[in-house]
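The chains referred to below are lettered A, B, ... by the order of the sequence lines, with proteins before strands, and numbering in each begins at 1.
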Number of protein chains: 2
Amino acid sequence: MPKLTFYNLPKEKQQLLIEAAQQEFSNASLSEVSIANIVKTAGISRGSFYQYFEGKEDLYFYLLNRYTARRKRLFKATLEKNSGDLFQTIREFYISTVNEDELLDFKRNVLLNMTEQVETKFIKIVNEEESEEEFNTISRLMDVDKLNVSGNKELYHLLKILMTVTIRNWIEHFARNLAVEESIANYELELELLKKGLARS
Amino acid sequence: MPKLTFYNLPKEKQQLLIEAAQQEFSNASLSEVSIANIVKTAGISRGSFYQYFEGKEDLYFYLLNRYTARRKRLFKATLEKNSGDLFQTIREFYISTVNEDELLDFKRNVLLNMTEQVETKFIKIVNEEESEEEFNTISRLMDVDKLNVSGNKELYHLLKILMTVTIRNWIEHFARNLAVEESIANYELELELLKKGLARS
DNA sequence: GTGGACATGTGACACAGTGTCATGTTAAGC
DNA sequence: GCTTAACATGACACTGTGTCACATGTCCAC
């Protein structure tokens, strides 16, 4: 988390820094990005940077949190719009995800260099395990009757599977430079497989 | 890939370097590892290192390849032993995976810092997309009748889903420091969900 | 055995990036 | 205007990288 000094900054200066950072993180992965470049682009001194953030990881996860928080709101709204239909929701969510062209290079870099720490952040979009409350909020929004699960534990694992497959498709979208339509078609195929089951009965 | 000079080295010296490298990569992630440390442990000079490898990534992927090649052989053997039963095979494969305690810290570091480039290597254990031949060899070994798919395309996506979920469980095993039994129980639960389908019919 | 030619080994070096800290600047309260 | 605390700055010591001119080893022709 950024330090207090960062939040004390005038909004415009915060925004400037955020934009500079997003630009740098669009051109390189976390380990390749240099603080030297960020401060140069943002027009602040090296020392100031360390007044605001612990280091570049701190800034990186701050940006990531901003992004996932927005996505999470969209997910909840979509779920409500679809009266709790999880599969319809996650399908629409994926389509809007691959169509969104804001911060494209930033997302590419994040996804192609995603580690467990980062992936956990994304999975928490639907599955805020750490807070029982959040999990309950979302599972109350969902129409559980349509899902082939009994109990919260199975529900939790179902969500984990869905998010894992979703993220992996999103990563592949970038890794293999898939066209939006192809990426969606692949994802829908996998969703159908997941819904109907992988084993022949 | 290592340079020719590395393969020209006497086997014992190769082994020494490999062991030194595995030790370093057990203590730190790819981006944190220092060549200085590797050469110190291996007792060679910095210059020599660059005669053998392009850089530390080169060495890292060399080690990774050695490991995944062994795993791949095991997977094929298990599949044959189980007369092509994919679910039984992957279940046994996962159990042997989390029970194997060789190179434990190395695997932890690899998994917790897995990027798309690394994950692709692992997924290719069953799904060597680049070589049509490999894919056919493996799909011939499998008893496809037990799987709820029609055609190679669906089969490909089924395998992708299975590997994705398997790897994610393996990562979580390390990330959350799960006991072997708990990890296996979680995985089996997810396998059953996958087999029977996520949607209620 | 000597010379030469080629392969391999070596560590000093220039360079790039990090995090810190002593010192300078600003602004608000009184 | 003075005080004080918060913020800004860039030089600095440190750590690590990849390279290169030179040293050493190896092998074969003569």
Side-chain angles (χ1 to χ4, degrees), chain A residues 1-64 106 109-110 113 115 117, chain B residues 1-64 106 109-110 113 115 117:
Chain A
M1 274 203 347
K3 300 182 183 175
L4 246 151
T5 42
F6 176 72
Y7 294 109
N8 288 342
L9 247 38
K11 281 275 167 280
E12 316 84 59
K13 200 169 181 184
Q14 283 185 30
Q15 194 53 35
L16 215 72
L17 233 165
I18 288 172
E19 273 159 27
Q22 274 169 353
Q23 191 183 319
E24 292 308 316
F25 282 114
S26 295
N27 295 326
S29 70
L30 175 54
S31 62
E32 292 162 348
V33 151
S34 86
I35 292 171
N37 254 327
I38 296 176
V39 300
K40 206 173 100 193
T41 308
I44 62 170
S45 75
R46 186 171 190 77
S48 286
F49 180 88
Y50 284 97
Q51 302 250 32
Y52 307 147
F53 303 98
E54 301 289 345
K56 61 181 176 180
E57 292 77 13
D58 194 17
L59 172 53
Y60 184 71
F61 283 107
Y62 171 68
L63 293 179
L64 219 51
F106 176 60
N109 270 307
V110 169
N113 296 284
T115 62
Q117 224 190 339
Chain B
M1 275 205 342
K3 301 183 183 175
L4 246 150
T5 41
F6 176 72
Y7 294 109
N8 288 342
L9 249 37
K11 280 273 165 281
E12 315 84 60
K13 200 168 180 187
Q14 283 185 30
Q15 194 53 35
L16 215 73
L17 232 166
I18 287 172
E19 272 160 25
Q22 273 169 354
Q23 191 183 318
E24 292 309 316
F25 282 114
S26 294
N27 295 325
S29 71
L30 174 54
S31 62
E32 291 162 347
V33 150
S34 86
I35 292 171
N37 254 327
I38 297 175
V39 300
K40 206 173 101 191
T41 309
I44 62 170
S45 77
R46 188 170 189 78
S48 286
F49 179 88
Y50 283 98
Q51 303 252 31
Y52 308 147
F53 303 99
E54 300 290 346
K56 61 182 175 179
E57 291 78 12
D58 194 19
L59 172 54
Y60 184 72
F61 284 107
Y62 170 69
L63 293 179
L64 219 52
F106 176 61
N109 270 308
V110 169
N113 296 284
T115 61
Q117 222 190 342

> Do the side-chain N or O atoms of Arg46(A) get closer than 4.0 angstrom to the phosphate oxygens (OP1, OP2) of dT18(C)?
Replying inline: yes
>> Are Tyr62(B) and Phe6(B), when compared by the centres of their aromatic rings, separated by less than 6.0 Å?
In response: yes
> Counting N and O atoms only, with roles assigned by atom type, does the side chain of Lys56(A) sit under 3.5 Å from a partner on the main chain of Ser34(A), one being a donor and the other an acceptor?
Replying inline: no
>> If we ignore hydrogens and angles and just use 3.5 Å, is the side chain of Gln14(A) paired with the main-chain N or O of Leu9(A) as donor and acceptor?
In response: yes
>> Applying a 4.0 Å non-hydrogen cut-off, can you work out what Val39(B) is touching in the nucleic acid: base, sugar-phosphate, or nothing?
In response: nothing
> Quick one: Phe49(B) CZ to dT10(C) C1', roughly how many Å, whole number?
Replying inline: 15 Å
> In whole Å, what is the span from the CD1 atom of Ile35(B) to the C1' atom of dT15(D)?
Replying inline: 13 Å
>> Rounded to whole Å, please give me the gap between CG in Leu59(A) and C1' in dT18(C).
In response: 15 Å
>> By the 4.0 Å heavy-atom rule, please label Ser48(B) as base, sugar-phosphate, or nothing.
In response: base
> Rounded to the nearest Å, what distance is computed from the CZ atom of residue Phe53(A) to the P atom of nucleotide dT18(C)?
Replying inline: 15 Å
> Between dA6(D) and Asn8(A), is there an OP1 or OP2 to side-chain N/O distance shorter than 4.0 Å?
Replying inline: no
> When rounded to the nearest 0.5 angstrom, what is the spacing between CD1 in Ile38(B) and CG in Leu17(B)?
Replying inline: 8.5 Å
>> In this structure, how many angstroms lie between the C1' atom of dG18(D) and the CD atom of Glu57(B), rounded?
In response: 12 Å
> According to a strict under-4.0 Å criterion, is Tyr52(A) in side-chain N/O contact with OP1 or OP2 of dA8(D)?
Replying inline: yes
>> Nearest whole Å is fine: how far is dT8(C) C1' from Leu4(B) CG?
In response: 13 Å
> What is the distance, rounded to the nearest whole Å, between atom CD of Glu54(A) and atom P of dT18(C)?
Replying inline: 15 Å
> Contact class for Lys13(B) vs. all strands (heavy atom < 4.0 Å): base, sugar-phosphate, or nothing?
Replying inline: sugar-phosphate
>> Rounding to an integer number of Å, can you tell me how far Tyr50(A) OH sits from dT18(C) P?
In response: 6 Å
